[in-house]
2 protein chains.
Amino acid sequence: MANGSKDPKQILTARDVAQLMGVSTSMISRAFNPDASISPAMRKRIIEASAALGYRPNVIARSLSTRSSKIVAIIVGTLENPFYAQVLEKLSRELQLAGYQSLLFNLAPGQDVDSQLPFLVQYNVDAVVIVSASISAGIANDWTRSGRKVILFNRTLPDASIPSVCCDNFTGAKLAVDHFVQTGRRRLAFAAGRRDTSTNAERELGFISRLAELGKPFAAKADNPHCSFQDGYNAALKLAADKPDAIFFANDVMALGGIEAIRKELGLTVPDDIAVIGFDDIPMAAWPTYSLTTIRQPLDAMVESAVDLVSDQSGADELKVVHPVQLVERASTKATSDEKVP
Amino acid sequence: MANGSKDPKQILTARDVAQLMGVSTSMISRAFNPDASISPAMRKRIIEASAALGYRPNVIARSLSTRSSKIVAIIVGTLENPFYAQVLEKLSRELQLAGYQSLLFNLAPGQDVDSQLPFLVQYNVDAVVIVSASISAGIANDWTRSGRKVILFNRTLPDASIPSVCCDNFTGAKLAVDHFVQTGRRRLAFAAGRRDTSTNAERELGFISRLAELGKPFAAKADNPHCSFQDGYNAALKLAADKPDAIFFANDVMALGGIEAIRKELGLTVPDDIAVIGFDDIPMAAWPTYSLTTIRQPLDAMVESAVDLVSDQSGADELKVVHPVQLVERASTKATSDEKVP
DNA sequence: CTGAAAGCGCTAACAG
DNA sequence: CTGTTAGCGCTTTCAG
């Protein structure tokens, strides 16, 4: 019972360590603060003692003082699209490496970012990264004005000066058209994603404008609310009415759904009857059954840019980073029958 | 320039609101605290004024006082398996609904939980949910003893008294065996996952013991370090040497890889030549190409249990929740040729 | 039911 | 370089 020395709260504070070492608490604070004036010897002593005692500065208390929490909020929608699961994983990992922790906010289907932001202010987050969701320009500007960082990932907002990192969707779509044309396709169709996202709008614009540049006809287009596998499946069926010999899907998940529909429902083959190109290059695109030609987003580079923006002290606004894309050719667009996907 | 009233820091504190309303800061604190003694009228007035002014209590400051942050840490490994992406999504969403925020910790491939835990203590997290990763009994006990909650999701730790939520892996595996046997399969093989996880060990045990109960022979078994698509692919090839007519994979992702190998590499069909069962019931299992029979984990119920454990005040330790599983029959085990997966 | 006062654990001037 | 003194914004006794 009578545990003589201390109450059993088990967890040390800076003052405990200070008393134990016979120094002031400021000293122990400084020891953990890279650019504080403290003698190397003292710092070493403190760090070592802390390690031995198992003391670690309380981040909560620290952020109350500094008004900077070293935590960044990541706002994501559903993770059912593996691409976003990858984004989240890499982003949070890289942020960790850069010394940040990630507070995860899941947007329920109907929810919009704007309504969630006020919530975040309570957490003193240093930045919020919005992955593939939209935010209204007004709110975004309010936030950046109040000294907080907002970074869009995979979206841009033309009329607001918030930093964003994207890939070159426009060029990506053009690459798809060119590849179709080079491999002899004539009737190109497009399975669009949600109309209200910059990403999809850019892909659609790239597709259509390139087709126009080449003087090629445009077979058909289908719109899709959710960008899901099922949407891709349905889109392929709808587009089939116009007899396309190639379909560009706004993302890989939709393309996989499309391939399923082409095979199972229409009884056609890919790529012989219909060639298919997707966008993202998710791991599944490489699976033999699909072997999907796609436009690869340079995810690592994009994540790196995002982390740079988060940790950037320069306060440079209006930073819109655009990464180049690359077409990855697989069987879903090859015409030679020995390589075709059955 | 001369913005008379206040400095432009934009963000209100309890004291600001208190002064504006001519009450004490304690009052505004109480207004936001459900079980504090305050007159309903006063509370109403304060809540309304706060809403109008855009004031929200600062969570950081609050958790410094209360030593409870209303944030829970979720520790996950890779999200490349869609099942875990789903877990993360649902878990964080439900926690949000229950008033918690999720701090996400990504374990790099080599990293173990033990080394990360000390890190978490800094954040005053109310609980940590460890998803599909292992933790040593010693550390786990230390944590629970120091008043913090640790909850294992999809793992158990027999020799430690930490709460966990799992599905009935053992029975699930038995169901798979029974289903194979009932549909006339004779040479059953098992593609195991990592040996060092309770989940996989239970599945393996269930499979083998049921086979023994039935007096059936055991065709073959392959071990796999990563439980990935590629692992499943390789496992199928290795197991093929023993000519099984049915393979049970430790999870769906592996099963999908196995199906690919069976079709593309071995030139056999599913289910005619080899029937396949997976585990988890990820969305892809239902895709027509795979139409994978699988053991469904009741994810919603499991997440609900986890949230209950997090918010449970009863302090009841030694809570190991096990949810029943269910076999979902699809084409990968049907023998009738009109339904077979070509 | 309400106000005053004393912290939570840390950082940030300010002296020495 | 080091110690002292105030807070960060909120909660929580303790009086009244």
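So that the names make sense, note that chain A is the first sequence line, chain B the second, and so on, each numbered from 1. Because the structure is a prediction, the values reported are computed rather than measured.
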Pairs: protein N or O with nucleotides 13-16 of chain C N or O, under 3.5 Å:
none

Do the side-chain N or O atoms of B:Ser65 get closer than 4.0 angstrom to the phosphate oxygens (OP1, OP2) of C:dC8? no

Worksheet item: For C:dG3, does either OP1 or OP2 sit under 4.0 Å from a side-chain N or O belonging to B:Ser24?
Response: yes

A:Asp16 atom CG is separated from C:dG9 atom C1', nearest whole Å, by 10 Å

Comparing nearest nucleotides in DNA chain C, the 5'-proximal residue of the pair B:Thr66, B:Val23 is B:Val23

ask   = Can a donor-acceptor pair under 3.5 Å be found between the side-chain atoms of A:Thr25 and the base atoms of D:dG3?
value = no

From CG of B:Asn33 across to P of C:dT2 the rounded distance in Å is 15 Å

From CZ of A:Arg15 across to C1' of C:dT11 the rounded distance in Å is 15 Å

A:Arg62 side-chain N/O to C:dT11 phosphate OP1/OP2 under 4.0 Å | yes

By nearest-heavy-atom nucleotide on DNA chain C, the more 5' of B:Leu64 and B:Met42 is B:Met42

Practice task
Look at the side-chain N and O atoms of B:Ser63 and state whether any lies under 4.0 Å from the OP1 or OP2 oxygen of D:dC10.
Solution key: no

| query | Would one find a side-chain N or O of B:Tyr55 under 4.0 angstrom from OP1 or OP2 of D:dC10? | reply | yes

Side-chain polar contacts of residues 87-97 of chain B - donor-acceptor pairs under 3.5 angstrom, sequence neighbours left out - could you list them?
residue, atom, partner, partner atom, Å
B:Glu89, OE1, A:Thr78, OG1, 3.4
B:Glu89, OE1, A:Leu79, N, 2.9
B:Glu89, OE2, A:Thr78, OG1, 3.2
B:Glu89, OE2, B:Arg93, NH2, 2.9
B:Lys90, NZ, B:Asp300, OD1, 2.8
B:Ser92, OG, A:Asn106, OD1, 2.4
B:Ser92, OG, B:Leu88, O, 3.1
B:Ser92, OG, B:Glu89, O, 3.2
B:Arg93, NH1, A:Leu107, O, 3.1
B:Gln96, OE1, A:Asn106, N, 3.0
B:Gln96, NE2, A:Asn106, O, 3.4

Among the nucleotides D:dC1, D:dT11, C:dC10, whichever has the atom closest to the side chain of A:Pro40 is D:dC1

- Looking just at side-chain N and O atoms, do A:Thr199 and A:Arg155 make a donor-acceptor pair shorter than 3.5 Å? yes

Taken to the nearest whole Å, CD1/A:Ile60 to C1'/D:dC10 is 13 Å

B:Lys70 NZ to D:dC10 P, in whole Å, measures 18 Å

| message | Evaluate A:Phe32 against A:Tyr55 for ring-ring contact (aromatic ring centres under 6.0 Å, His included), listing each step before the verdict. | response | CA-CA 11 Å; A:Phe32 285 93; A:Tyr55 165 77; 5.7 Å; yes

Against the side chain of B:Met27, the closest entry in C:dT2, C:dT11, D:dT2 is C:dT2

Whole-Å distance, B:Ile28 CD1 to D:dC10 C1', equals 9 Å

Rounded to whole Å, the CD1-C1' distance (A:Ile46 to D:dG3) equals 12 Å

B:Asn58 has its side chain closest, among D:dC10, C:dT11, C:dT2, to D:dC10

